[in-house]
Amino acid sequence: MPFPESGWAQQSADNSEAVASAASDPDTAAENRPADEMPPLEEARRTYLDRIVAQPMSHRGASWLVRPNRDLEENATESLDQLRLIEGMTVCDLGCGNGYWTIPMAKAVAETGQVFAVDIQPEMLQMLRARAGREHLRNVTPVRGKINDPNLGVNELDLLLMVDVYHEFSHPESMLWHIRRALKPEGVIALLEYREEDRNVPIKPLHKMSKTQIIKEYKQNHFKLVREYNKLPWQHLMFFARDDSPLAEISPQPTSAVLKELHERN
């Protein structure tokens, strides 16, 4: 079941100057730029490293994010467990929408922890605030992001979660540059993306990513794979750290082997 989509990437006028027609910089820009330089001068991209950038989902489709059968389809509870959240952590739900992931993350890190919930649509953040209020959560900070900057602090995050949103970034290098700065030395990105390699995943092709493509893009932007979880029904779950992190880099399990194991298990 492909999710509804339209133009949620439209922002208020204060960010409109950041939107351009297509990227003119070569795709090798990040690879040739030292990780500690100023953020890239990146225009809005239609493609990135041979991948077509998908159109994002509108806040009008927010009900799809909290559909009753989502956990059954995607096993989100298992994904949440794999984040290994503990009390006191500072984390971020980037592309938080109406808070499907933010709420359980806030409960997991408890009152001594903090969740920054980032979205570029004020309508989504309004829905998030209402949900967090009903749950009496005081450790959720809504953040209005930009299409090229999530507006996070420096060296403050233990974990940043992106669920089926990275492939929609019109400014992937800019976003990853800011995310890298926001991570602590041992902080990680937890990336969930629908498996492009599996035709049985009922999501539109442009909203899927292959493991090979993910690794190519993250390596080029100064990240390394440090952990992965391959037992979800529809999604890759991959954990990336800064390339200068003390965390050890690992080699990914081939998706062909992952799919074989999943089919045998089912």
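All figures in this text were calculated on a predicted structure; none of them were measured in a lab.
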- Result of checking Thr90, Asp158, Asn155 against Lys184 for side-chain hydrogen bond (donor to acceptor under 3.5 Å, both in side chains): Asp158
- Has Ile52 got more than 12 heavy atoms of other residues, nucleotides or ligands less than 6.0 Å from its CD1? no
- Message: Just so I know, are the side chains of Ile214 and Glu193 near enough to count as touching, which here means a heavy-atom distance under 4.5 Å?
- Response: yes
- Would you mind reporting whether Leu125 and Cys96 have side-chain heavy atoms less than 4.5 Å apart? yes
- Query: Any luck finding a side-chain donor-acceptor pair between Ser79 and Glu74 under 3.5 Å?
  - Reply: no
- Item | Side chains of His167 and His207 in contact at under 4.5 Å (non-hydrogen atoms) | yes
- Hey, does Tyr194 have a side-chain heavy atom less than 4.5 Å from the side chain of Asp164? yes
- With hydrophobic residues grouped by side-chain heavy-atom distances under 4.5 Å, do Val163 and Leu159 end up in a single group? yes
- Message: For the backbone of Pro185 and the side chain of Ser245, can you confirm whether one donor and one acceptor N or O come within less than 3.5 Å of each other?
- Response: yes
- Query: Counting only N and O atoms by type, is there a donor-acceptor contact under 3.5 Å from the side chain of Lys208 to the main-chain atoms of Val201?
  - Reply: yes
- Other residues, nucleotides, ligands: >12 heavy atoms within 6.0 Å of Gln253 CD: yes
- Do the non-hydrogen side-chain atoms of Leu128 and Asp93 ever get within less than 4.5 Å of each other? no
- If only atom types and distance count, is the side chain of Asn139 paired as donor or acceptor with the main-chain N or O of Ala106 below 3.5 Å? yes
- Query: Is any side-chain heavy atom of Met209 less than 4.5 Å from a side-chain heavy atom of Met238?
  - Reply: no
- Backbone of Ile120 reached by a side-chain donor or acceptor of Arg144 within 3.5 Å: yes
- List the steps and the verdict of side chain to side chain contact (heavy atoms under 4.5 Å, CB included) for Val115 and Ile103. CA-CA 9 Å; Val115 181; Ile103 302 304; over 6 Å; no
- Name of the residue among Tyr48, Tyr218, Phe240 meeting ring pair (Phe, Tyr, Trp, His ring centres under 6.0 Å) with Tyr166: Tyr218
- Could you tell me whether the side chain of Arg242 and the main chain of Phe223 form a donor-acceptor pair under 3.5 Å? no
- Message: Quiz question: by atom type and distance under 3.5 Å, do the side chains of Gln114 and Glu156 form a donor-acceptor pair?
- Response: no
- Query: With a 4.5 Å heavy-atom cut-off, do His171 and Lys146 have their side chains touching?
  - Reply: no
- Message: When you measure from the side chain of Lys216 to the backbone of Leu49, do you find a donor-acceptor pair of N or O atoms at a distance under 3.5 Å?
- Response: yes
- Message: salt bridge (charged side-chain N to carboxylate O under 4.0 Å, His left out) for Asp244 and Arg180? Distances and angles first, verdict last.
- Response: CA-CA 10 Å; Asp244 63 351; Arg180 191 179 186 282; 3.6 Å; yes
- Does a sphere of radius 6.0 Å around CZ in Arg199 hold more than 12 heavy atoms from other residues, nucleotides or ligands, not counting ones at 6.0 Å or beyond? no
- Pick from Gln235, Lys211, Arg195, Glu261: which one makes a side-chain hydrogen bond (donor to acceptor under 3.5 Å, both in side chains) with Asn230? Lys211
- Does atom CD of Glu249 have more than 12 heavy-atom neighbours, drawn from other residues, nucleotides or ligands, at distances under 6.0 Å? yes
- Item | Salt-bridge contact Lys219-Asp243 (side-chain N to carboxylate O under 4.0 Å) | no
